[in-house]
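Within every chain, numbering begins at 1; the chains are lettered A, B, ... in the order of the sequence lines, protein sequences first and strands thereafter. Since we're looking at a predicted model, the values are computed, not measured.
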Amino acid sequence: MSHPVPENLFAAMQAEVAAALRGLLPGLPEDVAARVQVEPPRDPAHGDMATNAAMLAAKPAGRPPAAIAADLAERLRALPAVADAAPAGPGFVNLRLKDAAIRGQIPVILQRGEAYGDSRLGGGVRVDVEYVSANPTGPMHVGHCRGAVVGDALANLLAKAGWAVTREYYVNDAGAQVLALAYAAYWRYLQALGTPLTEEEYAQSIPGGLQYRGDYLIPVGEAIKARFGDELAPGAMPAPVTDWLEPVRDMTVGLMMQAIREDLAALGVRHDVFVSERALVEAGMLDRAEALLAGKGLIYRGVLDAPKGKLPEDWEPREQVLFRATRFGDDTDRPLRKSDGSGTYFANDIANHLDKIARGHEAIVHVWGADHGGYVKRMKAAVQALSDGAVSFEVVLTQIVHVLRGGQPVRMSKRAGTYVTLRDLIEEVGRDAVRFTMLTRKADAQMEFDLDRVIEQSRDNPVFYVQYAHARCRSVLRQAGDPPAAALAEAELSHLSDPAEMALIRKLAAWPRTVEAAALAREPHRIAFYLQEVAAEFHGLWNKGREDATLRFIREDEPEATRARLALVAATAIVIRSGLAVMGVAPVEEMR
RNA sequence: GGACCCGUAGCUCAGCUGGAUAGAGCGUUGCCCUCCGAAGGCAAAGGUCGUGCGUUCGAAUCGCGCCGGGUCCGCCA
């Protein structure tokens, strides 16, 4: 990083303020200067940046904040980038930067391209981001979609902010549900062979009944027949489970995962690794995890108290193998083994997390549906126990998406045929609209997804609004013959002086800071909001050009001013693309 | 009974991890387009931030108690 101009103006100023504060108050504890914040003030009239340094330092320094603010302002005024610094309010120091310092971001943006905003904040920490992890028991539906988009965007965001990210999908291919799936696929296989049995006869003959009756297993049955003939069901009649379970299960899970991968690809969601629950258990990871915890004295045999409130009908006290999750803040200890000796889902997931740790991850982030909220504490406890607190564990919960059409709720019913698969959704509104819209709400807030609204071409559709801004940028640049960024970076930027132009540049200069804040908060939706603000500034400038011809981007009679404005337009397009890239949305060249 | 999430303008939602007079879009109201950049633009009205205490120089933000909504709660995943 040998840029003479800092890429993150706020971080650079934070360092300056901290240094000035140390110079002013030599005895100040180091952590006070480090905690100093430099942020854009809520009210733009207060300047470009404001710092709370004087208020933080007041108590340890034993001086009133206003006095410190006055002294600090004087020092900051001497900085070359600062036009003015003034104490204000309860002890803020407001800073106004010189226009030249703000404009200086334009060549930086043009040089860095879409890498503008990349940060080292994450320090290369190896983080495992697990998302989707839908059970391989059927095609993906809209319920999976939000987690997929949020997880993918969060992984992009953390990578941009300097974390070393592994994108992981945990395949739940070991539990009772997969067994039920195998039975269901076996039924379709019997049908393919022309079995005389009726569905109900078959359903009654298997444990738990026929749980997955969807049509999507018909091709699976055909595929099993194509591979095995009637070998697994001689005479088209059910054979003993042990004769067919493994091949049927493996083939079915394989085909389901293939379908899921295709759905994910259609949504543009990527994963680096697919970790199989079954493979982990077979490799002995569960036993390893249990032994590890036992070695720490965290495993015991015991009987849990009955849950309060409504009791399950078949409740009876039972001795179980338990993990001392309460030692790490959980509400109760948690069972690890089912009565047949196999691992509970939780136990297998502990194995999964031991595997993540063993692969060298220092941080684990999950994206889960809100219905898994009750599972967070125990898993956090497990990771703490496994890593002796060295590996962090966080969960981003996503709330339900209500699908609407023209303001009316779309009923989600498999039977009525109104069940919305992920594929249907993408085909109807397009991948980019799906992704962008899924990021226009905080993950843990419920969201309405109106199929008509998200493809509407109007101001109140953020997808359109942001894409339109980029298309307008591109349109202007095309009209000017697409000058190369290097040429634009040489433009004489003092031609950019209108308040609307400066406001746009300020907004662009906030991109690196936005990336860092969003990454720290694990909140990719902030990128969507930021891009709407950039688009609003740009459209505002465009609109001014409609009324005031001297503000148009291209002016035949003013080649130097035109070049400066083209530089601004090109920088705007770059920042929008950089943000869309985090969201996994493709920028458009023109609106159609 | 308990745990977790949520409660901000008529509606849908932001609010940069404790800062200054709480924001945006929609909707409402009022202006603006014969034409050169109107799939629109400008402006206004609209909030005791569910509620009551507390911590703090300072609270929508942190803590506790209520009220309201959601999710979950022993060998399902």
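Atom CG of A:L121 is separated from atom P of B:U17 by 12 Å (rounded to the nearest Å). Between A:Y345 atom OH and B:C73 atom P there is a gap of 14 Å when expressed in whole angstrom units. Rounded to whole angstrom, the span from the CD1 atom of A:I68 across to the C1' atom of B:G19 amounts to 16 Å. Between the P atom of B:C75 and the CZ atom of A:R301 lies a distance of 16 Å, rounded to the nearest Å. Summarising the geometry, the separation between CG on A:L181 and C1' on B:C76 is reported as 15 Å, rounded to the nearest angstrom. Atom C1' of nucleotide B:C5 and atom CE of A:M447 are separated by 17 Å, given to the nearest angstrom. If you take NE2 of A:H402 and P of B:C6, they are 16 Å apart, rounded to a whole angstrom. Atom-to-atom, CZ of A:F464 to P of B:A39 comes out at 9 Å; the value is rounded to the nearest Å.
The base of B:A38 is not paired with the side chain of A:N543 by any donor and acceptor separated by under 3.5 Å. One donor-acceptor pair, N or O on each side, does fall under 3.5 Å between the base of B:A39 and the side chain of A:Y468.
Contact annotation: A:K442 side-chain N/O to B:C13 OP1/OP2 distance is not under 4.0 Å. Between B:C16 and A:K507, no contact under 4.0 Å exists linking OP1 or OP2 to a side-chain N or O. Between A:K377 and B:C4, a side-chain N or O to OP1/OP2 separation shorter than 4.0 Å is present.
Across B:G10 and B:G47, the matching C1' atoms stand 12 Å from one another, rounded to whole Å. Distance check on atom P: B:A9 versus B:U61 gives 15 Å, rounded to whole Å. Taking atom P on both B:G27 and B:G65, the two are 43 Å apart, rounded to the nearest angstrom. The gap from the P atom of B:U56 to that of B:G2 amounts to 30 Å, rounded to the nearest Å. Nucleotides B:U71 and B:G54 have their P atoms positioned 35 Å apart, rounded to a whole Å. Across the C1' atoms, B:G46 and B:A24 are found 14 Å apart, a figure rounded to whole Å. Rounded to a whole angstrom, the distance from the P atom of B:U8 to that of B:U55 is 27 Å. Straight-line distance between the C1' atoms of B:C33 and B:A39: roughly 14 Å, to the nearest whole Å.
For A:D371, the listed nucleotide lying nearest its side chain is B:U71; candidates were B:U71, B:G19, B:C75. Comparing atom distances between the A:F529 side chain and each of B:A77, B:A14, B:C36 picks out B:A14 as nearest. In this structure, the nucleotide among B:A77, B:G19, B:A20 sitting nearest to the side chain of A:A88 is B:A20. Across B:U17, B:C5, B:C76, the shortest atom-to-atom separation from the side chain of A:D444 is found for B:C5. Ranking B:C16, B:C76, B:U17 by closeness to the A:Q177 side chain, first place goes to B:C76. Here the nucleotide nearest the side chain of A:H372, chosen from B:C6, B:A77, B:U17, is B:A77. Closest to the A:D331 side chain, of the nucleotides B:U17, B:C75, B:A3, is B:A3.
Each of A:Q320 and A:E523 was matched to the nucleotide of RNA chain B holding its nearest heavy atom; the match closer to the 5' end belongs to A:E523. Nearer to the 5' terminus of RNA chain B, by closest-nucleotide assignment, is the contact made by A:G373 (compared with the other of A:G373 and A:R441).
A:E533 comes within 4.0 angstrom of no nucleic acid atom, judged by non-hydrogen atoms across all strands. Residue contacts shown for A:H525 are limited to sugar-phosphate atoms, with no base heavy atom under 4.0 Å away. Among the heavy atoms of the strands, none lies under 4.0 Å from A:R334. Across all strands, A:A50 comes closer than 4.0 Å to base atoms (heavy-atom distances). Using a 4.0 Å heavy-atom distance criterion, A:P65 is classed as making no nucleic acid contact. Heavy atoms of A:F92 sit under 4.0 angstrom from at least one base atom. A:R526 comes within 4.0 angstrom of the backbone, heavy atoms only, and of no base. A:G545 comes within 4.0 angstrom of nothing in the nucleic acid, heavy atoms only. Within 4.0 Å (heavy atoms only), A:Y170 reaches no atom of the nucleic acid at all. Using a 4.0 Å heavy-atom criterion, one finds that A:A518 contacts no nucleic acid atom at all. Contacts of A:Y375 with the nucleic acid, taken as non-hydrogen atoms under 4.0 Å apart, include base atoms. Within the nucleic acid shown, A:A176 comes within 4.0 Å of sugar-phosphate atoms alone, with no base atom in reach, counting heavy atoms only. A:P90 comes within contact range of at least one nucleobase, with a heavy-atom separation under 4.0 Å. Counting non-hydrogen atoms under 4.0 angstrom, A:N94 reaches a base of the nucleic acid.
A donor and an acceptor atom, one from each side chain of A:W368 and A:T398, are nowhere located under 3.5 Å apart.
Residues A:H46 and A:F92 place their aromatic rings such that the two centres sit no closer than 6.0 Å. Here A:H470 and A:F538 keep their ring centres 6.0 angstrom or further from each other.
Separation of atoms OG1 (A:T440) and NE2 (A:H525) is listed at 9.5 Å; rounding is to 0.5 Å. Separating the CG atom in A:L280 from the NZ atom in A:K356 is a distance of 9.0 Å, to the nearest 0.5 Å. To the nearest 0.5 Å, atoms CD (A:E516) and CG (A:D118) are separated by 10.5 Å.
A:R478 places a side-chain N or O within donor-acceptor distance of the main-chain N or O of A:E589, the cut-off being under 3.5 Å. With hydrogens and angles ignored, the 3.5 Å screen pairs no side-chain donor or acceptor of A:T252 with any backbone N or O of A:A182.
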Is there a ring-ring contact (aromatic ring centres under 6.0 Å, His included) between A:F393 and A:H366 once you walk through the steps?
-> CA-CA 8 Å; A:F393 179 87; A:H366 284 272; 5.4 Å; yes
Show your working on side-chain contact (heavy atoms from CB on, under 4.5 Å) between A:R552 and A:R565 and close with a plain yes or no.
-> CA-CA 8 Å; A:R552 297 199 176 181; A:R565 286 174 186 167; 5.6 Å; no
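Syn is the conformation of B:U17, whose glycosidic angle sits no further than 90° from 0.
At a threshold of 4.0 Å, the pair A:R555-A:D557 counts as salt-bridged, since one of the basic side-chain nitrogens sits closer than that to a carboxylate oxygen.
Looking at heavy atoms from C-beta onward, A:S578 lies in side-chain contact with A:K160 at the 4.5 angstrom threshold.
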Which dot-bracket string describes RNA chain B (Watson-Crick N1-N3 plus N6-O4 or O6-N4, or G-U N1-O2 and O6-N3, all under 3.5 Å; [ ] crossing; | other strand)?
-> (((((((..((((.....[...)))).(((((.......))))).....(((((..]....))))))))))))....
